[in-house]
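First comes the structure, then the notes that go with it.
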Number of protein chains: 2
Amino acid sequence: MTRPETSRPETSRSDGGRPSAAERREEILRIAMETFATRGYHNASLAEIAERSGLTQAGVLHHFRSKAGLLTGVLDLRDQSDLAQLAQLGEERPRGLAFLAHLVETARRNAEREGIVRLYAVLSAESVTSGHPAQEYFRARYAGLRAMVVEAIGEAADAGEVPAGLDPRAAASAVLAVMDGLRVQWLLAPEAVDMAATTDLVIGALLGRPVPGGG
Amino acid sequence: MTRPETSRPETSRSDGGRPSAAERREEILRIAMETFATRGYHNASLAEIAERSGLTQAGVLHHFRSKAGLLTGVLDLRDQSDLAQLAQLGEERPRGLAFLAHLVETARRNAEREGIVRLYAVLSAESVTSGHPAQEYFRARYAGLRAMVVEAIGEAADAGEVPAGLDPRAAASAVLAVMDGLRVQWLLAPEAVDMAATTDLVIGALLGRPVPGGG
DNA sequence: GTCTATACGTTGATAGAC
DNA sequence: GTCTATCAACGTATAGAC
């Protein structure tokens, strides 16, 4: 599921010539992602996305039938993004503690991908507003992510790596919540927050791992 | 500290007659709060706020000079809200572990105040978008809250209630982050998330408190 | 203090030429 | 596939009557 577009070979050419329709779509999506991340969905305008794409507004709407459709397209580009890539890993994802370590690693990488961080921070919260076109996307996303973390905690528990009384569902919510919350704090004050270290701190604490240098 | 306005006695009357200016302002702010919480700032319109207030749009702008001014007014109403009431407590706030317990209590109460939860979830994330009028407010808010939690952890540490190696600043970010992140998850799926219990779980884990029923 | 009227920009979307 | 032209709707804000 990494390629939502049906890229027809006869129209796809990556040389310096005129971009194919698929390439245009991809370019528009890339710019739309940045714009939604910077402005939020409602405050972003097709005109701005169009201008930055070197097209007119009508040109953009030739490739995506509506603004909401454009947002959907951006969210479907999730394979490059953030946590959601984990959903792409399918059955090959890391198990148990390794999965939780993967979350920390994701947080670390995200500190160098502000655009992605911003996109998810802004859109996930905006999605709770009434009638937001991404509401179902985020509801499903959180449900899926929670289930994955619950599963990983279960695997770790089977290996005896989790304190006996830990509620896996609460812990899963907590891990995802701390990652989300850190994004906003980090965007507002990057020097004051270490997303990876703090995520690791919480995961370690939940698992009963001794704090570094302490007891 | 429940009355931010300087209520001038000669204009303030709470009988059934025509509302005073101060009462009008308060009513508009209440409705604006709900509207910003439901729609977000950018997607909320003065027309909707006005209609729900029983005024025209021009009527609303007589009391607040601009939409941004209205948002500022809403945020200044923070004494009824959420975490921010802690900032109001000033020197009388609970200390050490009691402060952290207060955060959990706040989360518990918030489960019955969806409007406040929604307002802060939506606006805090929206504030990271470019040029957002509440950006400075939230930057200062997080800085202040982090400092308060750091201080509380320090007090708890002095009482020997904190693991030796715990980084107070990371822990403070983590506690606030988990509370923020839980808000979004809870708004999207209230039955799947227990904000208070999960906040308590994280705080307890960071403090090295044994998990309930386990060890 | 509230209204009507209005100015004036911006929005998303469509129609149709090329 | 991209454009120009156009649209109706909506946005905030102001002026001025009452």
Side-chain angles (χ1 to χ4, degrees), chain A residues 5-8 10-13 16-29 31-32 35-36 38-74 126 129-134, chain B residues 5 7-8 10-13 15-29 31-32 35-36 38-74 126 129-134:
Chain A
E5 295 93 21
T6 51
S7 60
R8 296 181 301 170
E10 70 275 17
T11 63
S12 173
R13 39 169 166 150
R18 187 156 165 278
S20 69
E23 285 167 345
R24 254 304 185 225
R25 272 182 64 97
E26 221 170 293
E27 171 75 353
I28 293 170
L29 284 176
I31 289 166
T35 308
F36 289 146
T38 304
R39 305 271 195 211
Y41 172 71
H42 283 304
N43 196 40
S45 75
L46 290 175
E48 176 177 354
I49 292 166
E51 188 189 23
R52 296 179 55 191
S53 303
L55 290 174
T56 62
Q57 192 211 61
V60 168
L61 286 178
H62 169 76
H63 294 277
F64 299 89
R65 68 181 54 191
S66 70
K67 187 185 180 186
L70 189 50
L71 177 62
T72 299
V74 166
E126 191 177 7
T129 59
S130 77
H132 196 284
Chain B
E5 294 91 21
S7 59
R8 297 183 300 167
E10 71 275 18
T11 63
S12 171
R13 40 171 167 149
D15 54 46
R18 184 154 165 279
S20 70
E23 285 168 347
R24 257 297 189 230
R25 272 183 62 98
E26 221 170 296
E27 171 75 355
I28 293 170
L29 283 176
I31 287 165
T35 308
F36 289 145
T38 305
R39 305 272 195 211
Y41 172 71
H42 283 304
N43 196 40
S45 75
L46 290 176
E48 176 176 355
I49 293 166
E51 187 189 25
R52 296 180 56 191
S53 303
L55 291 174
T56 63
Q57 192 210 61
V60 168
L61 285 177
H62 169 75
H63 293 278
F64 300 89
R65 69 180 54 193
S66 71
K67 188 185 180 186
L70 190 49
L71 177 62
T72 298
V74 165
E126 191 178 7
T129 59
S130 78
H132 196 285

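Both backbone and side-chain heavy atoms feed into the values below; hydrogens, waters and symmetry mates do not. Everything quoted here is computed from the prediction, not taken from an experiment. Throughout, protein chains are lettered first and strands after them, A, B, ... in sequence-line order, and every chain is numbered starting at 1.
- The side chain to side chain donor-acceptor pair (under 3.5 Å) search around A/H132 returns none, not counting sequence neighbours.
- For the pair B/R39 CZ and D/dT12 P, the interatomic distance rounds to 12 Å; values are reported in whole Å.
- For B/L71 and D/dA13, the CG to P distance is 12 Å, given to the nearest whole Å.
- With rounding to the nearest 0.5 Å, the separation of CD1 in A/I28 from CZ in A/R24 is 6.5 Å.
- Separation of atoms OG (B/S20) and CZ (B/R25) is listed at 11.0 Å; rounding is to 0.5 Å.
- At a threshold of 4.0 angstrom between heavy atoms, the contacts of A/A44 are confined to the sugar-phosphate backbone, with no base atom among them.
- For B/E51 and D/dT12, the CD to P distance is 14 Å, given to the nearest whole Å.
- Looking at residues two or more places apart in sequence or on another chain, you find a ring-ring contact (aromatic ring centres under 6.0 Å, His included) between A/F36 and A/Y41.
- Stem regions annotated for DNA chain D: C:1-18 with D:1-18, counting only runs of 3 or more consecutive pairs of Watson-Crick or G-U type with both contacts under 3.5 Å.
- Under the 3.5 Å distance criterion, the side-chain polar atoms of B/E126 are left unmatched by any main-chain donor or acceptor of A/G40.
- At a threshold of 4.5 Å between non-hydrogen side-chain atoms, the residues A/L29 and A/F64 count as touching.
- A straight line from CG of B/N43 to C1' of D/dA9 spans 14 Å, rounded to a whole angstrom.
- Rounding to whole angstrom units, NE2 of residue A/H42 and C1' of D/dC10 are separated by 14 Å.
- In the region residues 60-67 of chain B, proximity to DNA chain C at under 4.0 angstrom, judged on heavy atoms, holds for B/H62, B/H63.
- Residue pairs meeting the side-chain hydrogen bond (donor to acceptor under 3.5 Å, both in side chains) criterion with at least one partner in residues 47-59 of chain B, sequence neighbours excluded, are B/E34-B/R52, B/T35-B/R52, B/R39-B/E48.
- A/L46 CG to A/L61 CG: the interatomic distance, rounded to the nearest 0.5 Å, is 5.0 Å.
- Using a 4.0 Å heavy-atom distance criterion, B/T56 is classed as a base contact.
- You'll find the side chain of B/L55 stays beyond 4.5 Å of the side chain of B/H62, heavy atoms only.
- With a heavy-atom cut-off of 4.0 Å to chain B, the contacted part of DNA chain C has its first and last nucleotide at C/dG1 to C/dT4.
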Applying side chain to side chain contact (heavy atoms under 4.5 Å, CB included), run through B/N43 and A/T129 and close with a yes or a no.
-> CA-CA 9 Å; B/N43 196 40; A/T129 59; 5.6 Å; no
